[in-house]
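All figures in this text were calculated on a predicted structure; none of them were measured in a lab. Chain naming here is simple, since letters A, B, ... match the order of the sequence lines and numbering starts at 1 in each.
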Amino acid sequence: MIQTSRIQTLCEAPPRNEADYVLYWMQQSQRAVFNPALEIAVEEANARDLPVLVGFGLTARYPEANARHYAFLLQGLQDVASRLAERGIGFVVRLGEPPDVALELSRRGAIVVCDRGYLKPQVAWRRTLAIAAEVRVLQVEGDAVVPVEVASTKHEFAARTIRPKIQRRMDEFIEPLEPRPLRRRWAGPTPAGLSLRETAPVLQALGVDNAVPPVKRFTGGYGEARRRLDAFLEDGFSRYGAQRGKPEAAAASHMSPYLHYGHISPVEIALAVRAAAHAQSEDRTSYLEELIVRRELAINHVAFEPAYDSYAAVPEWARKTLAAHALDPRPHLYTPDEFEAGATHDRYWNAAMLEMRATGYMHNHLRMYWGKKVLEWSARPEQAFETLLRLNNRWFLDGRDANSFMNVGWIFGLHDRPWGPQPVFGTVRSMGRNTFRKFDADAYVRVVEALAAHEGHSGRLAAGAV
DNA sequence: ATCGGCTCGCGCAA
DNA sequence: TGCGCGAAGCCGAT
């Protein structure tokens, strides 16, 4: 049963009688497993004795998109292609603006089903289609556990304000989703589209920024996401409680890039975590807190704060105190390029930057330290915000996510409380060397050097003064 | 090693 | 209107 609160009608036009298929316009939920939009499309098709066609619009014009992001995305689409073929569902990927691709394919469709995204470009795409479409368009929200407006109808101030609202409702939404039997398999020729057999020619055709190369550390797609999840639950989860604060221990599940591209459903992860055999109940609780409460606080932030991608999204108390300290002397001052090059005096900070550049990932706790230092070592907080957002969105596989905007905002006080005043930070929380009391920072540097070498980065980190 | 103070605003109890 | 409390802070006193 798919909860009706996951479904919204974006275009009220009647379904088309003379149609060849039901179209699922896939953009956010890039998976063929545990995808409620896909299952709704199957139900709609079965009701009309039609096959299902899944269409995906691939644009190189998405803000800040680069070869790293697209290689991962295309691996995910390869996984989608093989699973849909097995299930007898048609699949076409076309170059173009997603709503244009969807509109074109909708002309032979009885209805259109799409998934939901929360960022401004994703919302705009769906609005564009909804205005132009000549058939009914249904949106199915499959990448949040609790649909955004069910959790809250306003911008939440902090985790503690949204937590009870989510916890009250989440059990209704943590339910299995079985694939529906398909009445009619896709039989005709597949509409013209890109071949996904090889990703390199597609990257070439897209002409995306090659300065940020693909990574070996993470391979995209549902199959890979599920394999990692199972390995984590078998092995890592038993160490999660004790080790999760330790970036050098690799005790994390690394689901964030997969969640960002919709390669795996958060509901599927939540079910698996609840069922995990060797887990302590505390570990389950803290994992679900991050997966659901924290992640959906980020979704609430981008859904209800239109300025989420600018410094204006930082709460007023924090902007005031940072402004009052804008002229404080900075003991170290770097340009955005120096940050990006990992050329600071701080060896541990540089290691974090190298992990990000070389592998597209950074441990959560280090993301905080790393970000707080960019605030501390930039000439102005507004500039630090821009630097952080750019680095996040450029190098992280999970960049350009709702979480990216929340994490950057948190550095400046978003969803946080004030603390005793410090230079530069004012009453915004600062972070310093205490961070490294909690884990073996030198071991972390060695881990990063090994990971970077595996990605083809030569040489060791410069010694640095710290 | 541990503890209190620093400081703001939401949301609930009253 | 008062009060408890919050993403993992820092500093100084004991």
Taking any heavy-atom pair under 4.0 Å as a contact, classify A:Asn434: base, sugar-phosphate, or nothing. sugar-phosphate
Name the orientation class of the two ring planes belonging to A:Trp377 and A:Tyr334 (parallel below 30°, tilted from 30 to 60°, perpendicular beyond 60°). perpendicular
A:Phe339 versus A:Ser378, closest heavy-atom pair with distance: CE1-OG, 3.5 Å
Looking for any heavy atom pair under 4.0 Å, which part of the strands does A:Lys320 touch: base, sugar-phosphate only, or nothing? nothing
Select one nucleotide: of C:dA7, C:dA8, B:dT7, the one nearest the side-chain heavy atoms of A:Lys438. C:dA8
For the side chain of A:Met406, starting at C-beta, report the closest nucleotide among C:dG9, B:dC8, C:dA7. C:dA7
Could you list the donor-acceptor pairs under 3.5 angstrom formed by side chains in residues 207-216 of chain A, with sequence neighbours left out?
unit_1: A:Asp209; atom_1: OD1; unit_2: A:Ala211; atom_2: N; d: 2.8
unit_1: A:Asp209; atom_1: OD2; unit_2: A:Arg394; atom_2: NH1; d: 3.4
unit_1: A:Lys216; atom_1: NZ; unit_2: A:His454; atom_2: O; d: 3.0

Side chain of A:Gln422 only, please: which of C:dA7, C:dC10, C:dG9 is the nearest? C:dC10
Can you list, pair by pair, the side-chain donor-acceptor contacts under 3.5 Å of residues 380-387 of chain A, counting residues two or more places apart and other chains?
unit_1: A:Arg380; atom_1: NH1; unit_2: A:Ala326; atom_2: O; d: 3.3
unit_1: A:Thr387; atom_1: OG1; unit_2: A:Gln383; atom_2: O; d: 2.9

Reckon A:Ala158 touches a base, only the sugar-phosphate, or nothing at all at heavy-atom distances under 4.0 Å? nothing
When the distance from CZ of A:Phe425 to C1' of B:dT7 is rounded to whole Å, what number comes out? 16 Å
Just to be sure I understand the rule, does A:Arg437 reach a base, reach only the sugar-phosphate, or reach nothing, if contact means heavy atoms closer than 4.0 Å? nothing
Stem regions touching DNA chain C, defined by at least 3 consecutive Watson-Crick or wobble G-U pairs below 3.5 angstrom: B:1-6 with C:9-14, B:8-13 with C:1-6
